[in-house]
Amino acid sequence: MKRIHIVGKNQNSVQELQKKLKENGFIYCEENPDLVVSYGGDGMFLIAERIFPGVPKLLIRDSETGINCQNIELISALKKYCDGKFKTLELKKLKAVQKGRFEIRELVGVNDIVIRNALPTEAIRFRYRKNDDEWSEVLIGDGLVISTPYGSTKGAYFYSIEQKSFANGIGVAFNNTTKKMPPLNLDENESIEVEITRGIGVLVADNNRDFVNLESGDKIKIYLVDEIARIIKV
């Protein structure tokens, strides 16, 4: 029997689901699960993946905003899973490595890496380069969004800027720059590096509140890594 953990925002609902698991002979655990149930919307999956990276996730919707979640009853879904009636969607993650004056910080995201202005009233100046090539001209704006294909679907940050998604590689959307910039499309083995040339910004991965402060001179390199998030579809 699989060991199952449930992650959800509404603790009363989570407790009810835990009770259902036990009533139907499933094993609920707090540590080292074989399967994690993400009960909520799309953002809850991102939280669950940070808590239990790499462990397969069953996404069950309790919100109309859960575009990528399944509208299915928990016990029915688990029985299908235990019977082998499921498919696994594997998602590569993005890593951002920030080199500041005093330290190096790293963030990993399933959806996207976002570099943007820390103060809504002040733009940042930045430049970028692909694969250690020549730097671009300096751009002025709110920043950029570096996205995986999964993070480019409708409702995500990349899509809100470009109004389209993509199927492979890495997408880069420029956020409210004074010079209109078309999106960049990078192959899976390519990278992008961004340098803050003026202003203060923040570096964020997905909906992680553990952000990194950025200042002039900071450089951030973003690329796909082999670390995989797994979504179970029943």
Side-chain angles (χ1 to χ4, degrees), residues 1-96 106-113 147-159 165 167-168 170 188 204-210 224-234:
M1 182 65 70
K2 300 292 186 182
R3 293 164 51 85
I4 300 167
H5 183 84
I6 302 174
V7 177
K9 182 180 292 185
N10 188 319
Q11 288 306 302
N12 289 331
S13 297
V14 169
Q15 289 172 5
E16 285 297 318
L17 294 177
Q18 292 174 6
K19 184 179 177 181
K20 277 190 177 183
L21 287 181
K22 295 172 184 177
E23 289 174 350
N24 286 271
F26 291 98
I27 301 172
Y28 181 80
C29 68
E30 293 291 345
E31 298 180 351
N32 301 318
D34 300 307
L35 176 72
V36 172
V37 175
S38 172
Y39 185 65
D42 295 334
M44 187 54 61
F45 160 61
L46 302 176
I47 294 172
E49 181 61 27
R50 286 197 296 276
I51 299 172
F52 298 101
V55 178
K57 309 292 185 308
L58 176 63
L59 281 55
I60 295 183
R61 179 185 301 142
D62 80 338
S63 167
E64 293 181 359
T65 61
I67 296 173
N68 295 304
C69 302
Q70 293 185 264
N71 188 17
I72 189 171
E73 195 271 330
L74 174 62
I75 301 304
S76 174
L78 290 177
K79 287 180 178 178
K80 289 182 179 181
Y81 175 71
C82 292
D83 288 341
K85 298 177 181 178
F86 67 91
K87 294 181 179 180
T88 303
L89 175 63
E90 294 192 342
L91 309 171
K92 280 193 172 182
K93 300 181 183 182
L94 282 169
K95 175 180 277 191
E106 296 183 356
L107 292 177
V108 175
V110 178
N111 265 8
D112 49 39
I113 300 292
S147 174
T148 65
Y150 184 80
S152 73
T153 53
K154 191 172 182 179
Y157 205 168
F158 180 94
Y159 190 94
S165 57
N168 298 292
I170 302 170
E188 282 196 356
V204 182
D206 293 339
N207 56 357
N208 192 347
R209 294 184 180 183
D210 183 21
L224 285 171
V225 290
D226 291 333
E227 187 177 339
I228 299 294
R230 294 173 173 85
I231 294 178
I232 300 298
K233 297 283 189 179
V234 297

Query - Those residues that, when tested against V7, pass side chain to side chain contact (heavy atoms under 4.5 Å, CB included) (two or more places apart) - result: H5, V36, M44, A48, I51, F52
Query - Heavy-atom pair with the smallest gap, counting every atom of L94 and S147 - result: CD1-C, 3.8 Å
Query - side-chain hydrogen bond (donor to acceptor under 3.5 Å, both in side chains) partners of Q11, counting only residues at least two apart - result: none
Query - Exceeds 12 heavy-atom contacts within 6.0 angstrom, atom CD of E31 - result: no
Query - Closest heavy-atom pair and its distance - L35, P56 - result: CD1-O, 3.5 Å
Query raised in the report: Listed by chain and number, what are the side chain to side chain contact (heavy atoms under 4.5 Å, CB included) partners of N111, not counting sequence neighbours?
Result: L46, Y150, D206
Query raised in the report: Is the side chain of R230 donor-acceptor paired with the backbone N or O of G54 at a distance under 3.5 Å, no angle test?
Result: yes
**Report entry** side chain to side chain contact (heavy atoms under 4.5 Å, CB included) involving K85 - partner list, sequence neighbours excluded
**Finding:** K80, D83
Report task. Determine the minimum heavy-atom distance between A205 and V108, stating which atoms define it. Result -> CB-O, 3.5 Å
**Report entry** Atom NZ of K233 with >12 non-hydrogen neighbours under 6.0 angstrom
**Finding:** yes
Requested in this report: Apply side-chain hydrogen bond (donor to acceptor under 3.5 Å, both in side chains) to Y81 and list each qualifying residue two or more places apart in sequence or on a separate chain.
Outcome: none
Report task. Kindly give the heavy-atom pair with the smallest separation between R61 and I67, and that separation in Å. Result -> NH2-O, 3.9 Å
Query raised in the report: Got a second to check how far K20's NZ is from E23's CD, nearest 0.5 Å?
Result: 8.5 Å
Requested in this report: For residues A96 and I113, report the shortest heavy-atom separation together with the two atoms involved.
Outcome: CB-CG2, 3.8 Å
Report task. Measure the spacing between CZ of F26 and CD1 of I4 and express it to the nearest 0.5 Å. Result -> 5.5 Å
Could you give the side-chain donor-acceptor pairs of residues 70-78 under 3.5 Å, partners two or more places apart or in another chain?
{"unit_1": "Q70", "atom_1": "OE1", "unit_2": "V234", "atom_2": "N", "d": "3.3"}
{"unit_1": "Q70", "atom_1": "NE2", "unit_2": "V234", "atom_2": "O", "d": "2.9"}
{"unit_1": "E73", "atom_1": "OE1", "unit_2": "I75", "atom_2": "N", "d": "3.2"}
{"unit_1": "E73", "atom_1": "OE1", "unit_2": "S76", "atom_2": "N", "d": "2.8"}
{"unit_1": "E73", "atom_1": "OE2", "unit_2": "I75", "atom_2": "N", "d": "3.3"}

Report task. Please name all residues satisfying side chain to side chain contact (heavy atoms under 4.5 Å, CB included) with N10, sequence neighbours left out, ordered by chain then number. Result -> N12, S13
Query raised in the report: What pair of heavy atoms forms the shortest contact from S152 to S165, and how long is it?
Result: O-CB, 3.0 Å
Report task. For N207, check side-chain hydrogen bond (donor to acceptor under 3.5 Å, both in side chains) against everything at least two apart and list the hits. Result -> R50
**Report entry** ring-ring contact (aromatic ring centres under 6.0 Å, His included) against Y159, all qualifying residues, sequence neighbours excluded
**Finding:** none
Query - Side chain N68, main chain D42, donor-acceptor under 3.5 Å - result: no
Report summary line: Hits for salt bridge (charged side-chain N to carboxylate O under 4.0 Å, His left out) against E30, two or more places apart or cross-chain, chain-then-number order -> none
Query raised in the report: What residues form a side-chain hydrogen bond (donor to acceptor under 3.5 Å, both in side chains) with K93, not counting sequence neighbours?
Result: E49, E227
Report summary line: Sorted by chain and number, sequence neighbours left out, ring-ring contact (aromatic ring centres under 6.0 Å, His included) with F158 holds for F166
**Report entry** Test item: S38 side-chain N/O and F45 main-chain N/O as donor-acceptor pair under 3.5 Å
**Finding:** yes
